[in-house]
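Throughout, protein chains are lettered first and strands after them, A, B, ... in sequence-line order, and every chain is numbered starting at 1.
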2 protein chains.
Amino acid sequence: MNIYDIAKEAGVSIATVSRVINNKGTVSDATRAKVEAVLSRSGYTPSAIARGMVSKSMRTVAVLTVDIRVPHYAQQAYTIEQAFSHRGYEVILCNTGGGKEATVRYLRAVTEKQVDGIILVGSVFNRIGREPEVEALLRQAPVVLANGRLDIPNASSVLLDDESGAALAVDHVTALGKRNLWYVKDLNTASALAKRDGFIKACERCGDRVRGRVIETEFSIEGGRHAAKELLRSCRSFDAIICGEDETAVGVVKGLLSAGVRIPQDVAVTGYNNSIFASMCEPRLTSIDNKPEQVALMCVQLLERMMDGEPGGIVEVFKPELAQGWTT
Amino acid sequence: MNIYDIAKEAGVSIATVSRVINNKGTVSDATRAKVEAVLSRSGYTPSAIARGMVSKSMRTVAVLTVDIRVPHYAQQAYTIEQAFSHRGYEVILCNTGGGKEATVRYLRAVTEKQVDGIILVGSVFNRIGREPEVEALLRQAPVVLANGRLDIPNASSVLLDDESGAALAVDHVTALGKRNLWYVKDLNTASALAKRDGFIKACERCGDRVRGRVIETEFSIEGGRHAAKELLRSCRSFDAIICGEDETAVGVVKGLLSAGVRIPQDVAVTGYNNSIFASMCEPRLTSIDNKPEQVALMCVQLLERMMDGEPGGIVEVFKPELAQGWTT
DNA sequence: TTTTGTATTGTAAGCGCTTACAGAATCATT
DNA sequence: AATGATTCTGTAAGCGCTTACAATACAAAA
């Protein structure tokens, strides 16, 4: 069932049918009625592929995310999907797992499908974005990077200011009178390093009255618990623990509570991301919220601008916010 | 940059270029090398749209889910996406929100895009699947329903046996010696009703020694807490509480613990779905796991079968499993 | 009535690819 | 050298649509 069938049935030409369907050009009322009757009677569905052939667009955008099961990414994918859905675009979802090979495979697939835009959620592209093979693919469509930078003309990005996020936590606990701060470094990503640096700088800004030190552990609740035990065991003085991730912070809280430490009177604890872990932990974690929904909406706006033909190269910096909980 | 450019550059016909790209038909080694050289030098990307025009397939499947932010759906979407990705298909993700209007809009969009298959996650279609408008759309592609039934020839489905899931919980706590069971009904979905019926029937199967009653509350942690307080307040006897959802069960646990009730010695509690709520609750909830990943894989298999031309109409019933926690 | 302008409709090209078919080239066989 | 079989390559049609342009119809103005 195609446009020819409809045209024949209605006794008009395919151009007229097309004009009726797209409500474009001039069609007399009588003809329009005739065609519309056939249209609704037949259950005809126009082929988006054939349309795409002409317009070179399938009205589709691709979202490449590391893993949609991570709530943070799910929220962003959801926000992006809804925003585009309301504008008549569908979203192709790709779970890259963060690996280069899969990422390239997905990029190739979606560029072949001539998506109208690509949003990259996650930071793989800081590493692989400059490889010629990858860059060639990325040049095929407007690209927006959530949390990362990419120096090609058709790419924009939203950067998360992790340094200021960590500084937010430091300022918060020092304002509460805490003086001996520890940063729990759990990951080795660029983001985690930025947080650590932000922590150190913020402590230095406070002068001698505040001391900031770093302890490393594994990224997990267990890792956090272990870090807490380690601090307690080594008899180091501490009255605030700034963690790189909520998971770790949950572990720290558990470790401290089980040792009889009072939170936040004795020790304040902060997490990062204001994730579900922060909300389910009792007492509720104070955490740094980088508002995945807002970031996603910024990405959508940047992409739309490029899809409208405006140049890319824009870098927006998103400042995280402090989400106060019961642990500070 | 299209296949004509490549052909001209390589001094061959477009048919030969096509044969090289698709590794189909016969091409002499010399010609192949010549074309491949041009191909890699030019960074040419074949147009999937044009291919789709010929093959009437974009190698894409659609996943309609209520809300990807719900971890259960995220897991299923992830599983489906990965499975199809490995077979060279991309996935279009739609968040319907469970409403009819949005659902129809998405169905129309993806059928216009001539997706090779549709997987419907969530149960809206039990209600709207029979409306002529919806059915006409659903007939355009092979369809698989996760947790729901649809009587059209090109649809298969995986049903979750909610009754047996609830019975699993009943059998488990009665085996532990519990005799006064309550079912906490929190939702009004078909699924929730099936669980309640399964609960009642399972209790009846135990004869006089077991008594099963039902209490209603709101679907939320707070609702669960409220139900627990209510049971305590009204001085009813109970030694096991079977909940329709993990969220409610978490609330029940909190309510009981704060009243000094020992779990599971005094009262056993079970949730449903074995979600992240079950795992983050302390003590860890015993819950009913309907294995979203396995269900998703069954959906994929059913869809693939239909995409290979085999008839649909298959209904697989998935039996949930008990996930033992510390609350029983 | 003829002319001019406008509203309506149709014809045909072309989007980039696959593929059936035909034709050319090569090779083995007689 | 001629024939047939085989391998290789090119031509052209067609996938279902949009749209530029041509053609027609019709109404108003001259």
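- Residue B:A15 is the one, among B:A15 and B:K56, whose nearest nucleotide of DNA chain D lies closer to the 5' end (criterion: closest heavy atom).
- Heavy atoms of A:I49 sit nowhere under 4.0 angstrom from any nucleic acid atom.
- In terms of phosphate contacts, B:K24 brings a side-chain nitrogen or oxygen within less than 4.0 Å of OP1 or OP2 of C:dT19.
- For the pair B:R108 and B:E112, the salt-bridge criterion is not met [side-chain N within less than 4.0 Å of a carboxylate O].
- Using a 4.0 Å cut-off between charged side-chain N and carboxylate O, B:K113 and A:E90 make a salt bridge.
- Residues B:V54 and B:G25 both approach DNA chain D. Their nearest nucleotides, taken by heavy-atom distance, put B:G25 toward the 5′ side.
- Counting only N and O atoms by type, the side chains of B:T79 and B:Q75 include a donor and acceptor under 3.5 Å apart.
- Listed nucleotides: D:dT18, C:dG10, C:dT9. Nearest to the side chain of A:R51: D:dT18.
- Rounded to an integer number of Å, the gap from CD1 of B:I14 to P of C:dA20 is 15 Å.
- Across all strands, B:S47 comes closer than 4.0 Å only to sugar-phosphate atoms, never to a base (heavy-atom distances).
- Between the side chain of B:Y4 and the base of C:dC17, a donor-acceptor pair under 3.5 Å is found.
- Comparing B:P46 and B:R19 by the nucleotide of DNA chain C whose heavy atom lies nearest to each, the residue mapping closer to the 5' end is B:P46.
- The pair A:R105-A:E101 fails the salt-bridge criterion, with no side-chain N (NZ, NE, NH1 or NH2) lying under 4.0 Å from an Asp/Glu carboxylate O.
- For B:T16, the listed nucleotide lying nearest its side chain is D:dG10; candidates were C:dC17, C:dG10, D:dG10.
- Look at CE on B:M58: it is 13 Å from P on C:dT18, rounded to the nearest Å.
- A straight line from CE of B:M1 to C1' of C:dC15 spans 17 Å, rounded to a whole angstrom.
- Between the CG atom of B:N2 and the P atom of C:dC17 there is a distance of 5 Å, given to the nearest Å.
- If you check every strand for non-hydrogen atoms under 4.0 Å, A:S18 touches a base.
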| task | Please assess B:E9 against B:S42 for the test side chain to side chain donor-acceptor pair (under 3.5 Å), listing each intermediate value before the final yes or no. | result | CA-CA 10 Å; B:E9 177 106 5; B:S42 65; over 6 Å; no

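- Nearest to the side-chain atoms of A:S13 among the listed nucleotides C:dT11, C:dC17, D:dC17 stands C:dT11.
- Note on B:S28: only backbone sugar-phosphate atoms sit closer than 4.0 angstrom, heavy atoms only; bases stay farther off.
- Taking atom CG of A:D5 as the reference point, atom P of D:dC15 lies 11 Å away to the nearest angstrom.
- Atom-to-atom, CE of A:M53 to C1' of D:dG14 comes out at 12 Å; the value is rounded to the nearest Å.
- Rounding to whole angstrom units, CD1 of residue B:I6 and P of D:dG10 are separated by 15 Å.
- Rounded to whole angstrom, the span from the CD1 atom of B:I3 across to the P atom of C:dG14 amounts to 18 Å.
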